[in-house]
Amino acid sequence: MKDFERDYPDFTEAPGFEHGDERPSNRSGNPTFYEVMDAHIKRRGFLTGGLATIATGIFGTALTGRAAMAEATAPSGLLGFTAVPVSMEDNVTVPEGYRVQVLGAWGTPITGDMPAFAPDNSAAQQEMQTGMHHDGMHYFPIDGSSEDGLLVMNHEYIEPRFLHAAKVDGQAMSGRDVPMNADGTREDDDVLKEMYAHGVSIYRTAKQADGTWEIIQDPHNRRIHAMTEMQISGPAAGSAHLITKFSPDGTRTRGTLNNCAHGVTPWNTYMAAEENWAGYFVNTGEQPREHDRYGLPDDNGRYSWEKAASGAEDFTRFNATATGASAAEDYRNEPNTYGWMVEIDPFDPTSTPVKRTHLGRFAHEGVVFAPVVEGQPVVCYSGDDSRFEYIYKFVSSQPYTPGVRGEILDEGTLYVARFNEDGTGEWLSLAPGENGLTPENGFADLADILVNTRLAADQAGATKMDRPEWGTVDPNSGEVYFTLTNNNRREMTEVDAVNPRAVNNFGQIVRWRYPGGDPTATTFEWDLFVIAGTAKHSATFNDMALDEDNIFACPDGIWCDADSRLWIQTDMGDLGPDYTGPLEDFGMNAMLAADPKTGEIRRFLTGPWGQEVTGVITTPDQRTMFVNFQHPGGHATPEQFAAGDYGSSFPDGAGSVPRSATIVITREDGGVIGA
Ligand code: FEO
Ligand code: CA
Ligand code: CA
Ligand code: CA
């Protein structure tokens, strides 16, 4: 029995495991660095010297390239605020001189009849309101304005007991439970409300004379959700893998789900990532590899949508068990129409979202684009957030020129990362005929590779990572940062230079750069910017330990602003004040700011009970920042819920149902956030 299985008989209850996170499904035999490194030295380092020793060993001896990257200098002055302490409170803390406002909490009306939020809102009303569980987000200025723009955000998943609070009040429900009928079916309207609470919200928001921000009723305002029709584009479109009864030509599907982080294209559109989508489906029969490698359930879907009482195909499509004579007569391929990056044009409210298949199919956390250069290809990166999954890069075939649109993402090369122990790395092409991706090895063509991206990456020999989450590119240095949030299932025999800890509860942040400055290059240099944890179990790239001003764990959101201030958001799961365990020193989830050059890190923000901090963007003038709090109250036990204790009262106050929300952060002196 493995340690985590002994400690956590249901590993979904392990620290850092979140509702809906995918079950680990990488069963490839890809070697870990441990097998090719001096295993005895590494193990001794962990056992006797703790992390600091091993970190020094890795940084000091193996990675000669690191020294050049560690430009330890005097404080740069990037961070101009006093750190806030670890918080155990059900509130929001920001540094002195800052103020916060709540905007657009779940259920806030944005379109149609603008129905007011109420715990008993119908599905039809939910469709006109912001969704639940706010996540990745961007501010699209209107005419360049820092006081008037479109706020676009993802709604990753739902908490059914809060969504249906009026109906299930007083019942002992966990955050995963859904209201079921006695006959094992679900009410259609309940399922529809859940579907509409997912997806993406687009709304106009503007700064008012008193300095606060308000939602403006506007033709741009729009909800995209699990029923919105989508186009499928790129090499996998029209392939046999995507044929469904709804789309016999394999070019369309309905809906997007579990939209975690996002991306912003160089042509100013929004991309929503489909992360833990697999769990929404079920296949009780023989699972093909494009289901099995993604961990599709074999019993029932995450919220049992397939059990809606009417049996309408809108719902039964989530049952991907083959029942018809061919793929065009059932929904065996419905899961293959998920797992993509979805492009949305927020400035065209009639546009059809497009799933861009050349960016690969996996648990996309988000996507981040390198700054474009006219005449050079478009480059973007995306992490696959599941234990032991990979980091990918896409390079377009066509060069960027002003006026290009999303079609440029339909032709190019998808790569997967291999991190070598010596601080170098390689991008392994996932193109037909490359790196063993041949028909003899089971990869018929590019569509086959893309639908089975994880298996292709296994074949190519990519490095199994500790749950890749967000990435960001420093606009001034070109360095790329990716958070690796945690991986409590990595064993001692599986540690490597970039994932240096077994039972990694705290996570780390990796960064890389291209010595020649060309992001299309297939080799790179990397280092670990910070190994997160307590003072005892942490290290920055320049060998400093974290302290009371900046200890953190489970980095997830990350965004580098125009001044190179690196904003780091934590997702330790839905921790409440009564939590005990390996993450108890860190308090509630938080956001920190870092200086990439000096390695300084300071805690900037803490949030209420149960939530994670996710999604961050400023207006172009950097004087207004938008941040999301997701799943406040998520830690409440079934017994607490039954007793009317919702875990958190954010943001509406005592006794109210907690709601994910955006907070707007400004400075009392009107200055740049973080400076
Ligand atoms: Fe949805 Fe990987 O956080
Ligand atoms: Ca995330
Ligand atoms: Ca989460
Ligand atoms: Ca996370």
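In listed order, ligands and their atoms are each counted from 1.
Residue F626 forms a ring pair (Phe, Tyr, Trp, His ring centres under 6.0 Å) with just one option from W567, Y139, F140, W559, and that option is Y139.
Side chain of H631 to main chain of G610: a donor-acceptor pair is present (N/O by atom type, distance under 3.5 Å, no hydrogens or angles).
When distances from the Ca ion (ligand 4) to the N, O or S atoms of E469 are compared, OE2 comes out shortest. Closest to the Ca ion (ligand 2) among the N, O or S atoms of E365 is OE2. The atom of E469 that is an N, O or S and sits closest to atom 2 (Fe) of ligand 1 is OE1. Of all N/O/S atoms in D385, OD2 sits nearest atom 2 (Fe) of ligand 1.
Checking N504 against D466 by side-chain atom types alone, a donor-acceptor pair falls below 3.5 Å.
Taking 2.8 Å as the threshold, E365 counts as a candidate ligand of atom 2 (Fe) of ligand 1, since one of its N, O or S atoms lies below it. With 2.8 Å as the limit, E275 counts as an N, O or S neighbour of atom 2 (Fe) of ligand 1.
Here the closest non-hydrogen pair linking R223 and T130 is NH1-C, 3.9 Å.
Looking at S386 and R454, their side chains come closer than 4.5 Å, going by heavy atoms from C-beta outward. Contact of the I673 side chain with the F604 side chain is registered, since non-hydrogen atoms from C-beta on lie closer than 4.5 Å.
Around the Ca ion (ligand 4), the two atoms OD2 of D556 and OD2 of D571 are separated by an angle of 90°, to 10 degrees.
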